[in-house]
Amino acid sequence: MIKAVKGFRDILPQEIPLWRRVEEEARNLFEAFGYSELRIPVLEKTELFKRSLGDTSDIVEKEMYTFQDKGGDSVTMRPEATASMARAYLEHALYHSDPVGKYFFFGPMFRHERPQAGRLRQFHQLDVEAFGYLSPSLDAEVICLLDTLYRRLNIRDLTTLEINSLGCRECRPRFREALLEFLDGVKEALCPDCQRRRERNPLRVLDCKEKSCQEVLQDAPDISQHLCQDCQEYQGQTLAYLDSLGVEYTINPRLVRGLDYYTRTVFELTTTHLGAQNAVAAGGRYDDLLKQIGGKDIPSIGFAVGVERTVMLLEKRRDLPQGTPFHCYLALLGGEATKEGFNLAQKLREKGIRLEMNHQPKSLKAQLRRADKIKAPLVIILGEEELAKGTLIVRNMAKGEQEERPLEDLEGLVGYIKKEVES
RNA sequence: GUGAGUGUAGCUCAGCUGGUUAGAGCACCGGACUGUGGCUCCGGGGGUCAGGGGUUCAAAUCCCCUCACUCACCCCA
């Protein structure tokens, strides 16, 4: 049997209500905060991701779905949305019509990783980007948006918000130097992974999970001590805005993000409820990215929400939303009644009744059993007897009562069904 | 890419140190109740025991290989 590709999965009907809950809550909230939906393509030129994520990042080095299209171009299925959003923003010169561009996106991302709990090769992100302003109140607003989303979803208490500043193009390199110097002195004591990180992305050594590394790092330089005056003030103001809103967060000077393009404010929403994958949403400021991919020098900030992981948190709650219920089930007995019922079903559906009908010659018992299974509150019974009399039976399943009504009175029937379903 | 674990019905699993027709619960279909659901009782369909090879009189069970899935490392949402 042909099965789905590894790391790619179906989202079955019973899971859909939770997905819709997340999507709808997010859309409403994003729009309330002034963001417009912008839909980006699945495929981009490979170059876009190489330039934005950095050549040495794991995503670019080994996780991208990259191939040659028929024209010979190297193209890549997007592993994240920010680069594409920035590209679209620049390509359409949206900065001409408005100094600040606030956009959101929802869709699948692709990374060729080994799947495990909370990690798939095709996964979904909700993505929020604000292009144009370098302003602490904007940073605080973006973080507050994320905080509000999880409070609305009633899972904020399952998460922790961590914030840090990575510095700007002035002070970040200086910190990097200081860190490299320190790591050079202790390199023997580092785990093999950190030996490698030291070469490729030294900041990443800071959040190594290895206990021995964390001990060695006790005396590592602290980024907050290396921030320039501007960055320090910027972070101070951002945090002050968050404090004034009462957003709960912790400052984590060891928080570094995996992607190269981040500057200044970075943040992560993590959880301990999802196995080894603890990041639920994450983002930060990327003031140099737009220039890096060949555009104008426009400061920006954004974040991405892992939808599967968020849905998994929602599943921790017992108040799961149900799917859309039916109004009624149409049970039919006999060939003539089936023909008549087929037309009746369409008439009722045109009137807005959510109706499922029987399609196979089955006993009334079997049809009622199915009506019960799909939780239809009402069953319309139309058999040869009713047809002969020009009537039909409407049965209220919860009450176990039923009444006979004239077949011709469609308006009356619709009104009756709606009234019964309400009660 | 590395490591570990697990593969028996649609789902969750039992099947002891090899022993005859491979089981249960749930789900599905039907009957008891010829046209009235849920509860109960009874019955039914559904399995190349992941695949291949080996050991043996005999393999779901032991050995080897392959594949798949899961978890973890790595990385990240």
Side-chain angles (χ1 to χ4, degrees), chain A residues 1-7 9 12 14 22 53 56-64 78-82 106-128 146 159 191-194 196-197 200-201 204 207-210 256-259 267-271 274-283 302-313 329 331-334 337 358 360-387 393-402:
Chain A
M1 199 182 58
I2 298 172
K3 296 200 292 183
V5 174
K6 184 203 283 285
R9 65 180 284 260
L12 297 176
Q14 55 181 7
V22 174
L53 301 174
T56 56
S57 75
D58 267 55
I59 292 180
V60 169
E61 270 198 340
K62 51 187 199 194
E63 295 176 3
M64 296 204 303
R78 58 172 182 237
E80 59 116 36
T82 300
F106 167 72
M109 307 295 158
F110 306 86
R111 292 182 198 173
H112 193 103
E113 299 183 90
R114 198 69 171 256
Q116 68 182 67
R119 193 170 78 184
L120 292 158
R121 289 183 174 178
Q122 175 179 331
F123 61 100
H124 295 74
Q125 286 186 340
L126 280 156
D127 194 75
V128 166
L146 181 60
T159 64
C191 71
D193 284 325
C194 282
R196 194 170 44 80
R197 292 189 185 104
R200 291 199 353 199
N201 194 342
R204 207 84 63 76
D207 62 359
C208 180
K209 289 175 189 167
E210 205 62 47
V256 295
R257 307 290 354 285
L259 311 180
F267 51 95
E268 244 182 38
L269 200 63
T270 60
T271 182
L274 256 43
Q277 307 305 318
N278 63 355
V280 179
F303 66 78
V305 168
V307 178
E308 280 84 356
R309 293 179 186 181
T310 302
V311 166
M312 286 165 78
L313 283 183
Y329 182 86
L332 302 166
L333 292 160
N358 177 57
Q360 280 193 310
K362 278 178 182 260
S363 69
L364 182 60
K365 174 197 290 292
Q367 295 188 54
L368 284 171
R369 234 195 316 260
R370 176 157 155 73
D372 192 60
K373 183 181 169 59
I374 66 174
K375 296 187 171 62
L378 297 177
V379 175
I380 296 174
I381 301 170
L382 182 60
E384 304 293 2
E385 288 175 23
E386 289 74 26
L387 205 55
I393 291 169
V394 182
R395 178 174 179 81
N396 183 312
M397 296 293 274
K399 292 180 190 160
E401 294 166 0
Q402 59 192 40

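Side chains are part of it too, since the values below use all heavy atoms of this structure and drop only hydrogens, waters and symmetry mates. To find a chain, count down the sequence lines: A is the first, B the second, and so on, and within it residues start at 1.
Comparing the P positions of B/G30 and B/C71 gives a spacing of 38 Å, expressed to the nearest Å. Remark: the separation of the C1' atoms in B/C57 and B/G43 is 39 Å, to the nearest Å.
Using a 4.0 Å heavy-atom criterion, one finds that A/K375 contacts no nucleic acid atom at all. Counting non-hydrogen atoms under 4.0 angstrom, A/A282 reaches the backbone sugars and phosphates but no base. At a threshold of 4.0 angstrom between heavy atoms, the contacts of A/R197 are confined to the sugar-phosphate backbone, with no base atom among them. Using a 4.0 Å heavy-atom distance criterion, A/L332 is classed as making no nucleic acid contact. Contacts of A/G118 with the nucleic acid, taken as non-hydrogen atoms under 4.0 Å apart, include base atoms.
Between the base of B/C76 and the side chain of A/R111 there is no donor-acceptor pair shorter than 3.5 Å.
With salt bridges taken as basic N to acidic carboxylate O contacts below 4.0 Å, one links A/R119 and A/E113.
A straight line from CD of A/Q116 to P of B/U6 spans 19 Å, rounded to a whole angstrom. Rounded to whole angstrom, the span from the NZ atom of A/K62 across to the P atom of B/G1 amounts to 10 Å. One atom, CG of A/N358, and another, P of B/C29, lie 12 Å apart when rounded to the nearest Å.
Using cut-offs of 30° and 60° on the angle between ring planes, the pair A/H124 and A/F106 is parallel.
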Full working for side chain to side chain contact (heavy atoms under 4.5 Å, CB included) between A/R395 and A/M397: CA-CA 6 Å; A/R395 178 174 179 81; A/M397 296 293 274; 4.1 Å; yes

Tell me, for nucleotides 32-42 of chain B in 5' to 3' order, what letter each nucleotide earns: B for a base near a protein heavy atom under 4.0 Å, S for only sugar-phosphate near one, - for neither? -B-BBBB----

